[in-house]
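Data block below; observations after.
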Amino acid sequence: MEFKPGEKQFIGKSCGSLEKAAFVIVPVPYERTTSYCKGTEKGPAAVIEASPQGELWDEEIKREVWEDGLFTLAPVDCTGTEEEFFARLKKYVTELMNATKAVPIFIGGEHSVTQGLFAPFEGKYKNISLLHFDAHADLRASYYGDPHSHACAVRPASLDRRVVQTGIRSVGSDEKQFINSGNVKTFLMHENRDIEKLKKDVLSALTDTVYITIDVDGFDPSVMPGTGTPQPGGFSWYDAMSLFRAVCGNKKVVGADVVEVMPLPNSPITEFNAAKLIYRLMGYIDGRK
Ligand SMILES: [Mn+2]
């Protein structure tokens, strides 16, 4: 598989090759099963378009994080049937991990892409766990007959890996049986408002190697208004940053995705904030390590 550079580079900076990169940004503009509002396929391009509006010097990290080596790839081909797409995505991620030591950060697209993104990491890292930041539990075995629905995003991962859920405030009666059973540890939003306690609990629930999946609806809609299935009462920006900083500082984070950005007409808040989130995550993970 060939890994071509994207026409636009995240935050307008590129180290020029996968070999030199500490971070690789991968757009995955997949949208097939969104059930409420539509438009997540436009998310990755909007985030990359918004990203150069941010400062290169990160005021919290206190350096220009892109200097660690940053490379943005062309979007993953999201055509074909669901089966063809997920098979292609798994192959893509597997080959990408063979081609570079860079930490990949994927931009969705609807949340179902995590099914294809996480599976190759499970193959590579035996002791990996999944930090799932989301308003929704996404644990359904299938939704409207489709096991690849966005509503089933972390169900496959939960079958054989530890899944730690935060921000959760929407659970269906058909998925509540999976909450806090088997490999799933769920921190319901309304029961876990003390961020310092939550950080400790999340760190002890995760294994040492972690993949982070961030559905932007895990944030409060005031932070991320443009998303397909919004829910009130999510994470504030600063509490979420505090959580991600703790996880990236104490665990080996080997990959991440930021999904469900749905650009709104006349409001770039969501895509800009998602771009800042991605740049900040790079700073927390620290490409100099
Ligand atoms: Mn969600």
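Atoms within each ligand, like the ligands themselves, are counted from 1 in listed order. Counting from 1, the numbers follow the sequence of the chain as shown. Because the structure is a prediction, the values reported are computed rather than measured.
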Between R63 and D286, is a salt bridge (Lys or Arg N to Asp or Glu O under 4.0 Å) present by the stated rule, with each step listed? CA-CA 11 Å; R63 60 193 187 85; D286 195 347; 3.1 Å; yes
Shortest-distance N, O or S atom of H136 relative to the Mn ion (ligand 1):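 Nearest N/O/S atom of H136: ND1.
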Is the distance between the Mn ion (ligand 1) and the nearest N/O/S atom of D215 smaller than 2.8 Å?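 A backbone or side-chain N, O or S atom of D215 is under 2.8 Å from the Mn ion (ligand 1).
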Between D257 and Y211, a side-chain donor and acceptor under 3.5 Å: yes
Can you list every pair that meets salt bridge (Lys or Arg N to Asp or Glu O under 4.0 Å) and has a residue in residues 165-191, with sequence neighbours left out? R140-D174, R140-E175
Can you tell me how far OH of Y30 sits from CG of L89, rounded to the nearest 0.5 angstrom?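 Going from the CG atom of L89 to the OH atom of Y30 covers 9.5 Å.
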To 10 degrees, how wide is the angle OD1 (D217) to the Mn ion (ligand 1) to OD1 (D134)? 70°
